[in-house]
Amino acid sequence: MRLTNVMMTNTTLMHINRNMRNLDRVIRSIETGKRIQRPSDDPIVASRALMFRTSVHENEQFRRNVDQGSAWMNVTESTFNNINRELLFEIRNLVVQGANGDNNLSEKRAIVQQIQTLFDQIGHEVNATMGGNHLFSGFRTDEPPVFTADNQRDFIITQHFSITDIARQMSFQRIEVPGGLGKAESVTNPIHVLKLAFTGTGVPAIPGFEVREFSINDTDAYLPPAANDDGVPVLHFITETGELVMHGDTAANFPREGVAVTYRKTGFRKGDINPAVYFTAREIVEATPIIPAGTQLVYNITQYFSRAASIGADVIGGVDMLQFALVFDPYDPPGGLPVNLLPQLPPGAVINGNVVSIPAHLFETGRNISVTYAVENPPADPMNPGHVKEDLRISGVELVRALSAAGVAIPLDLVEFNRSFDMHNQNIEYEFATNTRIAVNSLAKNILTDKMFADFRRFFEFSNALHVSSRVDLERHFRSLGHDEDSVRKYVEEQHIRETSMATYAMHRKFDNMLMFIDRHLDNSTREQTSLGARMVRMELIQNRLEEDEVTYTLLTSDNEDTDLIRATIMRFSAEALFMASLRANTGVVQMSLANFLR
């Protein structure tokens with residue numbers, strides 16, 4: 001084949017340029033310290049580089065998460081140490097000291113004051129913050145677990161109780177002796193009791209139970225029957241103490257799944273636990289929304305019935321029915337109801353106007369039966385969920401529709417009277433590895449529990465309410481009854497000794513009860529700290545692995561991307577030599593081409 005000068009020249013230049021590019025690539029790798037400058041230089045190395053760099057960045061983010069999570073857990077652990085090792089431990093020692101029968105009444109009261117100071121500090125501990133966020137409030141980091149000031153917030157609270165929450169203790173009442181010439185004596189009874197978290201509440205609603213309201217001064221307050229005439233278990237609600245007292249048989253047959261107790265509480269004191277952090281609760285907002293004239297508001301009402309609430313009986317289709325009155329007339333617009341507003345009735349039940357008929361056999365187990373129906377703007381008074389819930393027969397009030405006069409739907413949040421809180425699934429989880437999440441927070445409701453708060457608050461209130469009449473008051477009292485001076489002096493001395501003995505005995509029994517309660521609460525708080533400790537150990541293991549992974553990923557990245565300087569230097573000398581050799585070898589071609597051109 002004939003080779004022309006142009007062909008030889010092009011081939012020569014191609015070889016020189018190729019050698020020049022190789023030399024340039026080697027020099028650039030030495031200058032930058034990287035094996036490749038662009039993905040096209042080596043696609044496999046480039047893809048590995050992306051993978052390794054992603055792993056390095058993920059590892060860096062996971063380590064930052066570990067640092068933040070560790071800081072959160074360290075503050076939490078410090079709080080646990082203060083509560084368990086210092087405060088609760090010291091409280092237990094004081095309770096043991098108070099249970100000592102050698103202490104007189106004034107000494108026992110002084111011990112109560114010390115315990116109250118330490119218990120208040122527990123509230124300060126669970127209000128711990130980090131970066132302005134409350135650590136023990138779950139997702140509601142703007143809400144303190146314990147109120148720091150008195151307030152008038154208004155809540156509908158649902159508090160759950162299990163059979164293990166039933167406390168066995170002795171009641172204490174100061175009752176005037178019939179025919180005792182003005183004298184008083186103590187009355188104690190063994191009781192089974194559930195304690196609401198607060199006092200000063202409305203009468204609670206408890207499905208499956210009849211709740212009767214009593215004052216602590218009523219002689220039968222702590223003597224509830226096992227059941228009413230219809231076989232429904234009875235609970236006595238003591239208004240001053242927030243106690244739900246039950247018969248021993250009721251306690252023995254208490255539902256194993258527990259019960260939900262719903263009640264209203266308005267106004268809280270400094271040191272009270274915050275319902276928004278502790279319970280499933282609904283807060284009644286004081287500011288009433290502005291609702292345009294002609295707005296149609298439709299609510300779903302859930303109403304519970306017991307056999308005792310029946311207003312009559314009937315037979316429908318051969319089935320014995322019990323009749324009950326609905327609080328409101330059901331919503332019944334022309335054209336019928338949408339599916340989502342249809343009444344939710346027990347099997348076989350029938351609604352006729354504001355009367356619902358329910359098969360009698362459904363009440364055989366003594367449980368309450370619920371009926372849900374729709375209501376449109378009750379005529380007597382615009383719907384106020386808080387007021388309606390005070391009725392024991394009402395369990396739920398839910399706004400489900402708001403339509404303007406023109407029939408246009410209005411967002412419910414513009415016309416709602418309340419806001420809801422739910423403390424389920426409040427774990428704040430950080431991701432410390434792919435698909436590896438650990439909860440870094442602990443919840444106040446599992447440390448300073450509502451049961452612990454109720455036990456201590458009742459203990460303090462009992463101590464504050466317990467008093468011994470002064471001799472001056474006793475003298476005035478017995479003189480008012482017409483006794484002569486000798487009798488007055490005798491009765492005053494006897495009554496003073498009796499009241500002092502009653503009060504001392506009552507405080508002694510309270511300290512005995514508190515010793516049992518404090519051990520249970522201390523065990524519970526210790527379990528929570530143990531759970532935190534297990535998570536912290538796991539966090540340390542993850543942190544160690546992340547540190548090792550950082551070294552591994554860094555080495556892999558370096559091996560994949562970084563230039564081997566020794567090898568690159570040798571390749572540079574080789575590329576330089578090849579490039580210079582190609583220049584020298586092709587000088588003859590250039591000379592020959594020039595001679596041919598001159599001819």
Side-chain angles (χ1 to χ4, degrees), residues 24-82 128-141 425-443 446-447 527-572:
D24 179 71
R25 184 167 59 251
V26 174
I27 292 174
R28 292 293 174 267
S29 69
I30 295 175
E31 291 176 343
T32 61
K34 299 297 180 183
R35 292 171 57 185
I36 61 174
Q37 307 305 313
R38 57 183 65 87
S40 59
D41 292 344
D42 192 331
I44 294 178
V45 171
S47 63
R48 288 178 178 172
L50 292 175
M51 179 181 65
F52 292 145
R53 288 185 181 185
T54 300
S55 297
V56 169
H57 291 316
E58 286 180 347
N59 194 74
E60 291 174 352
Q61 182 60 57
F62 290 147
R63 291 194 64 183
R64 286 193 292 269
N65 291 351
V66 167
D67 292 339
Q68 295 176 7
S70 295
W72 191 307
M73 287 184 168
N74 288 335
V75 176
T76 303
E77 184 184 34
S78 176
T79 300
F80 269 118
N81 289 335
N82 291 340
T129 61
M130 187 176 71
N133 297 321
H134 289 281
L135 297 180
F136 297 96
S137 298
F139 297 150
R140 297 187 188 91
T141 55
N425 301 321
Q426 293 287 310
N427 291 332
I428 299 176
E429 297 181 339
Y430 282 18
E431 188 171 10
F432 300 110
T434 304
N435 298 324
T436 300
R437 294 176 176 270
I438 298 178
V440 300
N441 68 320
S442 297
L443 298 178
N446 296 330
I447 306 168
R527 282 195 301 271
E528 287 297 315
Q529 185 172 10
T530 301
S531 174
L532 173 67
R535 284 180 276 139
M536 294 183 71
V537 169
R538 188 180 176 191
M539 180 91 74
E540 292 176 0
L541 295 175
I542 291 176
Q543 185 175 21
N544 294 336
R545 183 174 60 78
L546 290 176
E547 292 174 355
E548 294 173 357
D549 288 348
E550 181 181 22
V551 175
T552 301
Y553 290 139
T554 301
L555 290 175
L556 290 173
T557 302
S558 177
D559 291 343
N560 184 67
E561 299 181 25
D562 295 350
T563 300
D564 185 341
L565 293 178
I566 297 176
R567 182 171 179 273
T569 301
I570 295 173
M571 291 179 63
R572 182 177 68 82

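Just so you know, residue 1 is the first one in the sequence shown, and it goes up from there. As the structure is a prediction and not an experimental result, all values here were calculated from the model.
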*Going from CD1 on Ile542 to CD on Glu547, what distance comes out if it is rounded to the nearest 0.5 angstrom?*
12.5 Å
*Considering only heavy atoms from C-beta outward, does the side chain of Thr436 approach that of Glu431 to under 4.5 Å?*
no
_Quick one, Leu443 and Glu528 - any side-chain contact, counting heavy atoms below 4.5 Å?_
no
*What's the spacing between Met73 CE and Ile438 CD1 if we round to 0.5 Å?*
6.0 Å
*Any Phe136 side-chain heavy atom under 4.5 Å of Asn446 side chain*: no
_side-chain contact (heavy atoms from CB on, under 4.5 Å) evaluation trace for Ser531 with Met536_ = CA-CA 9 Å; Ser531 174; Met536 294 183 71; over 6 Å; no
_SB check Arg63 Asp67 (cutoff 4.0 Å)_ = no
*asked:* Contact between Arg535 and Ser442 at the side-chain level, heavy atoms closer than 4.5 Å - yes or no?
replied: yes
*With Met130, which of Thr141, Thr76, Asn74, Leu135 fulfils side-chain contact (heavy atoms from CB on, under 4.5 Å)?*
Leu135
*Would Ile447 and Phe80 satisfy side-chain contact (heavy atoms from CB on, under 4.5 Å), going step by step from the backbone distance to the final call?*
CA-CA 9 Å; Ile447 306 168; Phe80 269 118; 3.6 Å; yes
*asked:* Given 3.5 Å as the limit, does a donor-acceptor pair link the side chain of Ser70 with the main chain of Val66, or not?
replied: yes
*Check the side chains of Gln426 and Asn441 for a donor-acceptor pair under 3.5 angstrom, ignoring hydrogens and angles.*
no
*Tell me, yes or no, whether the heavy-atom count around Asn544 atom CG, taken from other residues, nucleotides or ligands under 6.0 Å, exceeds 12.*
yes
*To the nearest 0.5 Å, how far apart are CZ in Arg545 and CG in Leu541?*
9.5 Å
*Please lay out, stage by stage, how Phe432 and Arg437 fare under the test side-chain contact (heavy atoms from CB on, under 4.5 Å).*
CA-CA 6 Å; Phe432 300 110; Arg437 294 176 176 270; over 6 Å; no
_Least distance between heavy atoms, Val440 atom then Trp72 atom_ = O-CD1, 3.3 Å
_To the closest 0.5 Å, what do you measure between OG1 (Thr552) and CG (Leu546)?_
11.0 Å
*When rounded to the nearest 0.5 angstrom, what is the spacing between CZ in Phe62 and CD in Glu550?*
13.5 Å
*Are any side-chain N or O atoms of Gln61 and backbone N or O atoms of Asn65, one a donor and one an acceptor, separated by less than 3.5 Å?*
no
*Specify the closest pair of heavy atoms between Ile428 and Gly138, including all atoms of both residues, with the distance to one decimal.*
CD1-O, 3.4 Å
